[in-house]
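Here is the naming used below: chain letters follow the sequence lines, and residue numbers restart at 1 for every chain. On a predicted model such as this, the values are computed, not experimentally measured, just so you know.
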Amino acid sequence: MDTLSRRLDGMMNRRSLLAGMAACGLSAALPAPAGAASPILMRPIPKSGETIPAIGMGTWITFNVGEDETLRKQRSEVLRRFFALGGGMIDSSPMYGSAEAVVGGGLARLGAPDTLFSATKVWTWRGSAGEEQMANSRRLWGLPSFDLMQIHNLVGWENHLETLLRDKAEGRVRYIGVTTSHGRRHEELEEIMASQPIDFVQFTYNVVDREAEQRLLPLAAERRLAVIVNRPFRRGALFSPVEGRPLPSWAAEIDCANWAQVFLKFIVSHPAVTCAIPATSQVVHMEENMGAMTGRLPDEALRQRMARDLEAV
Amino acid sequence: MLSYSVEVLQSLLAYYNQALWPGHLLAVALVLLALLLVAFPQQWGGRAIAVVLAAGWLWVGWVYYVERLGRIDFSAPLYGAAFLLQGLLLLWTGVLRGALRWRMRLDLYGSVALLLLLIAVFLLPASVWFADAGWRQLRLVGLMPLPTVLFTVGMLLLTASKTPLHLTVIPLLWALAAGATAWTLALTAETALAALCVLASVMVIWRGRVARPQAA
Ligand SMILES: NC(=O)c1ccc[n+]([C@@H]2O[C@H](COP(=O)([O-])OP(=O)(O)OC[C@H]3O[C@@H](n4cnc5c(N)ncnc54)[C@H](OP(=O)(O)O)[C@@H]3O)[C@@H](O)[C@H]2O)c1
């Protein structure tokens, strides 16, 4: 418990500092963490002004490694690199098999840094089972509370929202949100975004799946909702068409050293996006992905060109 | 939509086999007994074979699907429930009602049945020689789903009278789902075996529709 309270104190101090910086308009970049070369891109959570690193980490498939100790240790190394390069948000769900337990094991092994922004989900049709599921997630992660609790794929959202609002009021969670993935139940999501007192929304957006630009992203900006982007690499499918191809000439203008950074910079340069959460099981990929938080970002004209050029590929 | 990678599935199988040893010997003995009872029918043989088949489905349903795979796959309990149901159906039809009798046959159905039994009992276990993790990747009838389904469908092609439809539905649905999963994971051999299972299940149904009930 001691370690936990120290961890929480650490988080709060850094958070207060970040919130203060955001209020003074200083939130765009933070000094580099040990291991990172230059300042990293931070994004404010609109409802609070607190800033978080613009690249987080997903855990679907990649962290679901079961009991295998070798694989668990290897994923802890991925986590270590994530934090060393300034990583913040980790997104998981009870739906992801052993992923929450593997993240929790990694945090216990490494010690959770004060940049950790813990985000998981409640995923059950039975409203009454939600509380127990969330308590189980806290146990698996080894945390007394979550930074963000989301309703997974809108499953049973009416019932869970009540619980989440109560949990937020009682300090078991700091922010609440809802999630969906590409093309699924967007109309219902819009209704919730427009009418419910949530802080975060999560959906799919990438250089190919750009439907969110039409309504979801503008609505999030209008409602001051933080946006988490899932499937930033289209579950990895974006890489095969560009395999072996040289980077386009404009990649140098935005300091991209690889395709992963091109894809991620396209996403995090959208003004309504708060954080993208690529998932990876490999340390080298983690390094590539986190690199998208440094250097220049594309402006609107270049974003249009990126989308055009990559659609052609 | 699979929530794990092939690497993780192989690791799960390795842990499962390690935990089961030497239970494999019992599983092999029961399967050989069932085969002997088809070759040399006994008065009580029909019921005994049904018990062996049911035991395999119940074990795989509970221990493999619910207890093991359930840790990494949210849909595993659903598969587990289907396997448990098939185990109960086999007990009800083959043991309580005594409605299943087996005999060797040399027609097309018998040949396909032999192929399935050969793959399930000998070829799948033998394939571990080619697996990196050696015997830890062992897949035996009664312990893992694919050989259990192959073996069961093979046996259903060898029933003396037509096989009740309700015993074919779950193996057929499982083979369709497993085939789709194996296809997603680019596991060529598993996809082909699941397709063979689908074909053989359809043959079991077809045989039931065209064949007149025969005396055991
Ligand atoms: N409804 C929801 O709430 C919902 C839905 C979907 C996703 N999500 C969340 O969003 C996260 C991200 O989505 P996702 O995991 O579906 O897909 P994704 O992040 O778009 O893609 C993951 C795939 O990209 C590969 N990859 C990662 N970095 C790479 C790099 N630098 N170079 C080459 N390949 C790379 C990974 O393989 P390697 O392991 O080999 O790196 C993995 O196969 C999920 O993990 C989950 O947390 C939530």
Side-chain angles (χ1 to χ4, degrees), chain A residues 58-75 78 91-105 120-126 129 133 136-137 139-140 152-153 155-156 179-184 204 230-231 234-237 240 279-282 285, chain B residues 1-21 23 60-81 83 128 131-139 143-145 177-178 180-188 190:
Chain A
T59 56
W60 166 249
I61 300 181
T62 51
F63 270 62
N64 183 17
V65 300
E67 311 298 307
D68 192 313
E69 260 314 301
T70 315
L71 292 177
R72 279 179 170 233
K73 276 194 189 132
Q74 192 276 341
R75 296 311 190 266
V78 174
D91 174 80
S92 196
S93 167
M95 183 194 162
Y96 300 172
S98 58
E100 287 191 297
V102 175
V103 168
T120 195
K121 305 181 191 107
V122 54
W123 178 67
T124 166
W125 285 105
R126 285 188 304 132
Q133 194 178 66
N136 192 45
S137 293
R139 187 182 59 76
L140 291 171
H152 198 152
N153 283 348
V155 169
T179 81
T180 183
S181 43
H182 183 56
R184 291 179 67 188
T204 300
N230 63 38
R231 295 189 185 159
R234 232 183 178 209
R235 298 205 250 165
S240 33
T280 181
S281 56
Q282 303 187 44
H285 286 171
Chain B
M1 199 172 55
L2 264 195
S3 60
Y4 50 85
S5 62
V6 176
E7 182 191 30
V8 170
L9 187 61
Q10 286 171 345
S11 146
L12 180 117
L13 184 51
Y15 275 84
Y16 178 62
N17 273 324
Q18 228 160 350
L20 287 189
W21 179 255
V60 174
W62 184 255
V63 182
Y64 176 74
Y65 272 121
V66 176
E67 288 196 335
R68 293 281 168 159
L69 196 65
R71 293 176 199 173
I72 59 166
D73 183 353
F74 63 87
S75 64
L78 259 181
Y79 284 89
F83 267 62
V128 301
D132 288 343
W135 74 271
R136 289 187 183 80
Q137 295 303 309
L138 196 59
R139 285 179 291 176
L143 302 182
M144 284 293 289
T181 305
W183 176 267
T184 318
L185 291 174
L187 299 171
T188 321
E190 278 77 0

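For Leu2(B), the part lying near chain A is the backbone, with the side chain staying farther off; criterion is any non-hydrogen pair under 4.5 Å. Proximity to chain A (any heavy atom under 4.5 Å) is shown, for Tyr4(B), by both the backbone and the side chain. Contacts between Ile72(B) and chain A at a heavy-atom distance below 4.5 Å involve backbone atoms as well as side-chain atoms.
In this structure, Ser3(B) and Tyr96(A) have side chains that are not in contact, with every pair of non-hydrogen atoms separated by 4.5 Å or more. Looking at heavy atoms from C-beta onward, Leu71(A) lies in side-chain contact with Val8(B) at the 4.5 angstrom threshold.
The shortest heavy-atom contact between Asp68(A) and Ser11(B) is OD2-OG, 2.8 Å.
With values rounded to the nearest 0.5 angstrom, Glu69(A) atom CD is found 6.5 Å from Tyr15(B) atom OH.
Between Trp60(A) and Phe74(B), the ring-plane angle classifies as tilted under the 30° and 60° cut-offs.
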